[in-house]
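Please read all numbers here as calculations on a predicted model, not as lab measurements.
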Amino acid sequence: MDMRKIIIDTDPGQDDAIAIMLALAAPGLDVLGVVSVAGNVSVQHTTTNACKVLELAGRTDIAVHAGCAGPLRRTPVTAAHVHGQTGMDGPTLPDPVMRPRAQHGVDFLIDTIRAHPPGSITVVTLGPMTNLAMALVKAPDIAQRMAGIVSMGGAWAQGGNITPSAEFNVYADPDAADIVLRHAAVPHTLVPLDVTHRFLVTPPRMAQLGALKGRCARAAAEMLGFSGRFDLAKYGWAGAPLHDPCTIGWLLAPHLFAGRRVNVSVEVGSPLMQGATAIDWWHVTDRPVNALFVNDVNSDGLWALLLAHLERLP
């Protein structure tokens, strides 16, 4: 079976950590590296957290590269109120032995994409798109070499989760998201709140996760037990939404999802609407189609896939 090569660009984050675990457990994915970015918490914390997850999964062969320490031109915002001061509160994980490589994450993206055949690497962004935007500005040629981009970001019918109109990853660096989405030639799949708010970790699902034996599954349950409290109180739903694993789920089982190729534009000029994503669902403008906007998921099927993969990890 041909392995799909991916680079994970992330700001762990409990849900980021579980997305990384899902990718590591997938036989069809080859994770070439992990790049950290400031987002949920500082880049120092997200870098450490990425190393912790790889050590937990026994995959210290995969390099971590620290990326950008803040958005392109905005005041940094974080989501420590959701994820805790470390960004990955919940389990007590040891300080990692592995250290990030010296090469900056943006340069790692550029060099790795250039070093592989065109159309062979997919970049998966689980946080703000700062690193990828910087890479595209610094090395525009990589746009023609990527197989695609899959991003957790944006919102339409669900509104926002950090402001009334904006999803956190886009809001944290709207200029970066705008740059990336303007590269219409790159196949881009956007996995927004419209999908992730349909993928809820309910008490029965938590019980299923808690019944798994491995240390990765135990850590995942402890992570979701921490971060889920915020969303349960906020939304009052039967379960807390699980965002970032939906990106890897889409790579592994796109038949579980539905969406439409549309234009997605990012608001960068309005203080009130900063980071809002304008979704041209009905093609009422002449703006070019630039993304597959996913808006539905078979939640039971995706949960079963997640459990089956986590069970493979130590």
Discussion item. One pair to check against side-chain contact (heavy atoms from CB on, under 4.5 Å): Trp156 and Leu190. What are the steps and the verdict?
Written reply: CA-CA 11 Å; Trp156 182 35; Leu190 205 61; over 6 Å; no
Discussion item. With side-chain contact (heavy atoms from CB on, under 4.5 Å) as the criterion, how do Asn49 and Val53 come out once you've worked through the C-alpha distance, each side chain's angles and the decisive distance to 0.1 Å?
Written reply: CA-CA 6 Å; Asn49 291 344; Val53 174; 5.5 Å; no
Worksheet entry | Trace of the side-chain contact (heavy atoms from CB on, under 4.5 Å) decision for Asp30 with Ile6 | CA-CA 6 Å; Asp30 180 11; Ile6 68 170; over 6 Å; no
Worksheet entry | Audit row: Ile142, Arg114, side-chain contact (heavy atoms from CB on, under 4.5 Å) steps and yes/no | CA-CA 7 Å; Ile142 67 171; Arg114 282 176 170 170; 4.1 Å; yes
Worksheet item: What do the steps show when you test Thr125 against Asp9 for side-chain hydrogen bond (donor to acceptor under 3.5 Å, both in side chains), and what is the final call?
Response: CA-CA 5 Å; Thr125 70; Asp9 190 333; over 6 Å; no
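A salt bridge links Asp178 and Arg182; the closest N-O separation between the charged side-chain nitrogens and carboxylate oxygens is under 4.0 Å.
For the residue pair Thr86/Asp89, the side-chain donor-acceptor check at 3.5 Å is satisfied. A donor and an acceptor atom, one from each side chain of Thr130 and Asp173, are located under 3.5 Å apart. In the model, Gln103 has a side-chain atom that pairs as donor or acceptor with a side-chain atom of Asp111 under 3.5 Å. A side-chain donor from one of Asn263 and Ser265 sits under 3.5 Å from a side-chain acceptor of the other. Thr285 and Asp280 are linked by a side-chain donor-acceptor pair at a separation below 3.5 angstrom, with hydrogens and angles left out of the test. No side-chain donor from either of Arg99 and Thr47 sits under 3.5 Å from a side-chain acceptor of the other.
In this structure, CG in Leu232 is found 10.5 Å from CH2 in Trp237, a value given to the nearest 0.5 Å. The distance from the CG atom of Leu72 to the CD1 atom of Ile179 is 5.0 Å, given to the nearest 0.5 Å. To the nearest 0.5 Å, the span separating CZ on Phe293 from CZ on Arg260 amounts to 11.5 Å. Put simply, CZ on Phe199 and CG on Leu256 are 9.5 Å apart, with the number rounded to the nearest 0.5 Å. Note that CD1 of Ile113 and CG of Leu109 are 5.5 Å apart. Values are rounded to the nearest 0.5 Å. Atom OG of Ser151 sits about 10.0 Å away from atom CD of Glu167, to the nearest 0.5 Å.
For the pair Met134/Cys68, a side-chain contact is recorded, criterion being any heavy-atom separation below 4.5 Å from C-beta on. The shortest side-chain heavy-atom distance between Leu302 and Cys246 falls under the 4.5 Å cut-off. A 4.5 Å side-chain heavy-atom check between Leu242 and Thr196 finds every atom pair outside the cut-off. Residues Leu251 and Arg4 are in side-chain contact: their nearest non-hydrogen atoms beyond the backbone lie under 4.5 Å apart. Counting heavy atoms from C-beta outward, Leu224 and Met206 have side chains that approach closer than 4.5 Å. With a 4.5 Å cut-off on side-chain heavy atoms, Phe168 and Val77 count as touching. At a threshold of 4.5 Å between non-hydrogen side-chain atoms, the residues Met21 and Leu24 do not count as touching. At least one side-chain heavy atom of Asp231 sits under 4.5 Å from a side-chain heavy atom of His243.
Each of Leu32, Thr112, Leu29 was checked for a side-chain contact (heavy atoms from CB on, under 4.5 Å) with Lys5, and the lone residue meeting it is Leu32.
Of the possible polar contacts, none joining the Asn161 side chain to the Leu193 backbone as a donor-acceptor pair under 3.5 Å is found. Remark: the backbone N or O of Gly269 is not paired with any side-chain donor or acceptor of Gln274 at under 3.5 angstrom. Side-chain atoms of Arg198 come within 3.5 Å of backbone N or O of Asp194 as a donor-acceptor pair. The backbone N or O of Ser36 sits nowhere less than 3.5 Å from a side-chain atom of Thr10 that would complete a donor-acceptor pair. With hydrogens and angles ignored, the 3.5 Å screen pairs a side-chain donor or acceptor of Arg215 with a backbone N or O of Leu56. Side-chain atoms of Asn290 come within 3.5 Å of backbone atoms of Leu181 as a donor-acceptor pair (strictly under, hydrogens ignored). Remark: the backbone N or O of Val41 is not paired with any side-chain donor or acceptor of His45 at under 3.5 angstrom.
The cluster map of Ile, Leu, Val, Met, Phe, Trp and Tyr, joined by side-chain heavy atoms under 4.5 Å apart, puts Leu200 and Val294 in different clusters. Cluster annotation: Val150 is not connected to Met146 through the hydrophobic network of ILVMFWY side chains, with a link wherever side-chain heavy atoms come within less than 4.5 Å. Residues Val37 and Met88 do not share a hydrophobic cluster, clusters being chains of Ile/Leu/Val/Met/Phe/Trp/Tyr side chains in contact below 4.5 Å.
Two rings, from His197 and Tyr235, have their centers less than 6.0 Å apart.
Annotation for Arg261: atom CZ counts as buried by contact number, over 12 foreign heavy atoms lying within 6.0 Å.
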